[in-house]
Each structure stands twice: as structure tokens, then as C-alpha cells.
Trainee: 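My structure is below; once you've seen it, I'll send some questions.
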Amino acid sequence: MSRTSAPADATPVEPAPADAPLSHGLKQRHLSMIALGGVIGAGLFVGSGKAIAAAGPSIILAYAISGALVMLVMRMLGEMAAANPASGSFSVHAERAIGPWAGFTAGWSFWFLLCVAVGLEGIGAAQIMTGWFPGTPEWAWVALFMVLFCVTNLAAVKNFGEFEFWFAALKVGAIVLFLGIGVLAIAGVLPGTDSPGAGNLTGHGGFMPNGTEGLIVGLLASVFAYGGLETVTIAAAESEHPVAGVAKAVRTAMWRIAIFYVGSMAVVVTLLPWTHESVVEKGPYVATLDFLGIPAAGQIMNVVVLVALLSAMNANIYGASRMACSLVGRGQGPKWLGQVTGGVPRVAVLASSVFGFVCVLLNYWRPDDIFAWLLNMIGAIILVVWFFIAASQLLLRRRLEREAPEKLVVKMWLYPYLTWVALAGMAAVFVLMAREPDTRLQLYYTGGLTLFLAVVGFARQKLGAGRTD
């Protein structure tokens, strides 16, 4: 049997409603581009500026360290997803490995994260639009985007795939073009530029100008910039060839992370002094292109950032609806939320969209307390999810080797040693968050939410509300 062909019994593991299962409308090109584009978010284009300002040139090291951790997480998730493709992804694996309470906690915390993120991305996209069309209300743009992507996700899953395909194609194209221009400028062959050499990497205070504290701030910022990679394993369950699709996506994760994140950070800090004020004000990509004299760089990158935000909105509504549907199908939520018609969990799509829009309204009504409270609650959820992924893989790998070794078409490297290394890395990030005042509050709020969900999930498990497959 080929390593990329699905075994005869490799079917989705979580039960969808028997009369209306999820469709399999995503093609391999959709899945490949979702995997490529999922690693490129608005946080990379804009949010990395503050990380560079804190870490200086050592931001390259920060992104490399956090990227290595993410690669281990994706490899573990890929191993489980290829063995048992499921729209509930890591929630399903956590339920199998640890128990229903773990699947409940991981799944609903991730759903909450995606819904709040939809609101944040809607606000960001609306701010760009009001900059282009002064006098138009932000809420109107948010409402327009919400309706657009809600309708897109209410239709067949192939529509979601098409939107993400073209969104991702534009983001990938922008990054590749930026890297190409940057490499030419570094080599000194771009017209009107001279090679900067290593001056910006070693000058202005050196490679690590703010010491280990600056590196830590950059490391924490880079960890959360990688969020979004998990969506590809959720989407794989609705693809034509789930096992082959997720295997290919995971195997290309290493070079995607190295090129898009670490490579682009290296280009920015090599070409531009990290102390340049425009790195934070405009974002590192716009600042670098302006520095090189590229015409209309700001507006070009605004278009790219807008596409990144809209892509994230689309993907997060999709991911939230599928996660909710999977949880309901496993007895971990209200039955009405899991209704599937035409191969699409339309009620879950509506619920996820509405919750996202409520978050936007909270930003207008109570920006200083309620909305800030929500933001703090989602601050470290991605780390909680990664922890469940690593713990689940540690337990499920031995079970798969014993019961169904033919399903191990993707294998975690150096198991179980690198799994333990990943867990240690996550623990280290939690400790670093507790040390930093700006992230300590997020850790407390996220911990409170996780504890609440774990207690509810455990109580449901004891009462027999949840079940394992």
C-alpha cells in the first residue's frame, strides 16, 4: 500500500448525523493552498513590528525557536490526523487519548478562540476600509464582511475552499515577491540600492541588543503568530483524499515556516535598522519596502493585510463551525447546534458568525472592560491546544502501533523523545508568560477559562453526557 493512500478503514472518526454527513468537497489544490496560506496571517505582516522592536535582530532566533516548536506540534497533529481524519481534529484525538473531558475542553476553548478572533479580524479589516473610504462607519464594514463569509460558509464547502485558495495564493505571492526583492537588495543588485552587509545585524547594539529579556518578548510574540496552522487538519476531513492531503500538508510545514517566517524576518532586520521607528508604526514589511523606495508600498501592503484578515475570518468561521459540529456529534454540546443540511453544519456556521459579531459589538460598547476581558481569555488558548495535541500523541502512538500500525502514514520524529521536548518547550513558554507583566494576565484568564471548561467536561463525563468512540 502506498504511504499516501488511505487504508480501507481510515474513515472520519467522529459520528456526524447519519442522514446528513459532512461533504467531501475540498480538492487537493484547496487543501494544499490552505496549508500554505494558513501560516501567513495579519499578525506576521503587522504585529511582528513590536517583536522586532523588542528583540532586535535576534527576532530571527526567536522565530526559529518558536517555529521549531510549531513544527513538532504539526508533526504530532499530522500523525494523528492522517491515522484518523476528523473535522474535530485535536478535540477528537484528546477525547480518544485522555477522555471526554479533554475533548470537551480542547474543542470548546478552540471554538471560543476562533469566534473572538473573527471579531478581531473584522475590526481590523473595517479599519483598513474606513481609511480608504473616510466617513463610512466601521460597524457597516464589519457587518458586510460577516454576512459575506457567513453566506460563503453556509453554501457548499467547496465555496470556502475556493475563497481560501485565492486568498492564500495572493498572500503567498506577496511573501514570495517580498523575499525576492529583499534578497536582491541584500545582494546589492536591486537598482538604486547597495548591499547592507551585516551592519544592521551587528550594529545598533548588536544581534541581541536588549539581552535575553528582549529575546523572550520576541519569542512570546512569535509563538502566537503561528496560530492558524491547525485549520488544515480540520479541513482535511472534508477533502477528497483526507489521509494523502494531511500527510502532504504536514510534510511541507518545515520549509513553509523556514521561508515565510524566519526568512522574511531575516530580510527585514538585514535591510532595515531594527531601531527604525517605522518598523512599529507602519509594520516591518511596509517599512522595508518604503526604505527600498518601492512605489506605493503602503497601499500594496494594506491590500495584502486586508486579504490576510478576510482570509482569517473565512477560515475561522469554517473551523469554529466544524469544531462545534464535531463536539455535538460526540455528545459534547446541544443537539440543535449540530444539524447538518446539504453537507454543511449551517446552524453551527450561524452560531459562530453571530458570536463573532457580538464580540465586535462589545468592542464598541465596552472596549475597556468586557472586550479586553475576552482578549485576555483567548491569549494563551493556542498553547493549551498544543499541550492537548502533544499529550494525545504521546498516548495514541503506542495504541496505534499495537492496534493499527498500517495507519501510521505520518510518523512523529524520534518518538517519544521529541514529543517530550515539545511538552517541555510549552511548559517553558508558560513560565515565560508568567514572568512578563503583559502576558501574565492573559495566562491567568486563559487558565481560568480552561479550568472552567475542564470542570464542566469532567462533570459531564461523570454523568455520562460525553462518550469516547
Side-chain angles (χ1 to χ4, degrees), residues 9-18 21-22 73 76-77 79-115 230-231 233-234 236-237 319-340 345 347-348 351-352 355 377-378 380-400 402-404 407 419 423 426 446-469:
D9 56 349
T11 55
V13 295
E14 81 275 23
L22 295 177
V73 171
M76 289 184 281
L77 183 56
E79 177 183 288
M80 295 183 291
N84 291 296
S87 63
S89 188
F90 50 82
S91 173
V92 172
H93 309 318
E95 180 171 333
R96 276 210 171 101
I98 306 169
W101 72 268
F104 180 93
T105 305
W108 284 117
S109 62
F110 192 68
W111 179 86
F112 183 77
L113 165 67
L114 294 184
C115 290
E230 305 81 11
T231 303
T233 59
I234 294 174
S321 63
R322 268 51 180 187
M323 182 60 73
C325 182
S326 172
L327 286 161
V328 172
R330 290 178 279 129
Q332 301 279 28
K335 290 183 179 180
W336 59 268
L337 193 60
Q339 295 178 29
V340 178
V347 177
S352 302
F355 190 86
M377 288 183 73
I378 67 171
I381 283 179
I382 198 65
L383 275 175
V384 173
V385 167
W386 291 354
F387 178 84
F388 276 115
I389 289 172
S392 301
Q393 189 269 339
L394 196 64
L395 297 170
L396 288 178
R397 172 64 175 268
R398 294 195 185 282
R399 193 183 305 175
L400 278 169
R402 184 175 63 251
E403 298 174 0
K407 288 187 176 184
T419 301
L423 283 166
M426 293 170 210
T446 300
L449 174 64
T450 303
L451 180 61
F452 170 76
L453 289 173
V455 169
V456 173
F458 191 75
R460 288 173 57 86
Q461 180 176 324
K462 285 297 184 181
L463 293 172
R467 59 171 176 75
T468 54
D469 295 324

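Side-chain atoms are counted along with the backbone in the values below, which use heavy atoms only and exclude waters and symmetry mates.
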Trainee: Could you list the donor-acceptor pairs under 3.5 angstrom formed between side-chain atoms of residues 99-115 and any protein atom two or more places apart in sequence or on another chain?
Mentor:
unit_1 : atom_1 : unit_2 : atom_2 : d
Thr105 : OG1    : Trp101 : O      : 2.7
Thr105 : OG1    : Ala454 : N      : 3.4
Trp108 : NE1    : Gln332 : O      : 2.8
Ser109 : OG     : Thr105 : O      : 2.7
Ser109 : OG     : Ala106 : O      : 3.1
Trp111 : NE1    : Ser352 : OG     : 3.1

Trainee: Nearest heavy-atom pair of Ala97 and Leu395: which atoms, and what distance?
Mentor: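 The answer is O-CD1, 3.5 Å.
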
Trainee: Rounded to the nearest 0.5 Å, what's the gap from CG on Leu394 to CE on Met76? Could you check?
Mentor: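 Here the interatomic distance stands at 9.0 Å.
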
Trainee: Kindly compute the distance separating CZ (Arg397) from CZ (Arg402), expressed to the nearest 0.5 Å.
Mentor: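 Those atoms lie 13.0 Å apart.
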
Trainee: What distance do His93 atom NE2 and Ile98 atom CD1 have between them, rounded to the nearest 0.5 Å?
Mentor: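 If we round to the nearest 0.5 Å, His93:NE2 and Ile98:CD1 are 12.0 Å apart.
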
Trainee: How close do Leu400 and Ala83 get, heavy atom to heavy atom, and via which atoms?
Mentor: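 Between these two residues, the closest heavy atoms are CD1-CB, 3.8 Å.
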
Trainee: Kindly determine whether Phe90 and Met323 satisfy side-chain contact (heavy atoms from CB on, under 4.5 Å), including the steps that lead there.
Mentor: CA-CA 10 Å; Phe90 50 82; Met323 182 60 73; 3.7 Å; yes

Trainee: Kindly give the heavy-atom pair with the smallest separation between Ala380 and Thr446, and that separation in Å.
Mentor: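 Between these two residues, the closest heavy atoms are N-OG1, 3.1 Å.
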
Trainee: Going from CG on Leu337 to CD on Gln339, what distance comes out if it is rounded to the nearest 0.5 angstrom?
Mentor: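 Reported value, rounded in 0.5 Å steps: 9.0 Å.
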
Trainee: Which is it for Glu79 and Leu396 under the side-chain contact (heavy atoms from CB on, under 4.5 Å) test, yes or no, and what are the steps along the way?
Mentor: CA-CA 10 Å; Glu79 177 183 288; Leu396 288 178; over 6 Å; no

Trainee: Could you walk me through whether Val73 and Met426 pass side-chain contact (heavy atoms from CB on, under 4.5 Å), step by step?
Mentor: CA-CA 10 Å; Val73 171; Met426 293 170 210; 3.7 Å; yes

Trainee: Start with the C-alpha distance between Asn84 and Arg96, add both sets of side-chain angles, then the distance that settles side-chain contact (heavy atoms from CB on, under 4.5 Å), and finish with yes or no.
Mentor: CA-CA 11 Å; Asn84 291 296; Arg96 276 210 171 101; 3.9 Å; yes

Trainee: Answer yes if the side chains of Ser326 and Arg330 hold a donor-acceptor pair under 3.5 Å, and no otherwise.
Mentor: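 Present: a donor and an acceptor within the cut-off.
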
Trainee: Is there a donor-acceptor contact under 3.5 Å from the side chain of Arg322 to the main chain of Thr231?
Mentor: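 Here the side-chain-to-backbone pair does not exist.
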
Trainee: Report yes if the side chains of Val384 and Leu449 come closer than 4.5 Å at any heavy-atom pair, otherwise no.
Mentor: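 No; the side chains remain at least 4.5 Å from each other.
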
Trainee: Taking distance alone, no hydrogens or angles, what donor-acceptor pairs closer than 3.5 Å link side-chain atoms of residues 385-392 to residues at least two apart or in another chain?
Mentor:
unit_1 : atom_1 : unit_2 : atom_2 : d
Trp386 : NE1    : Glu230 : OE2    : 3.0
Ser392 : OG     : Phe388 : O      : 2.6

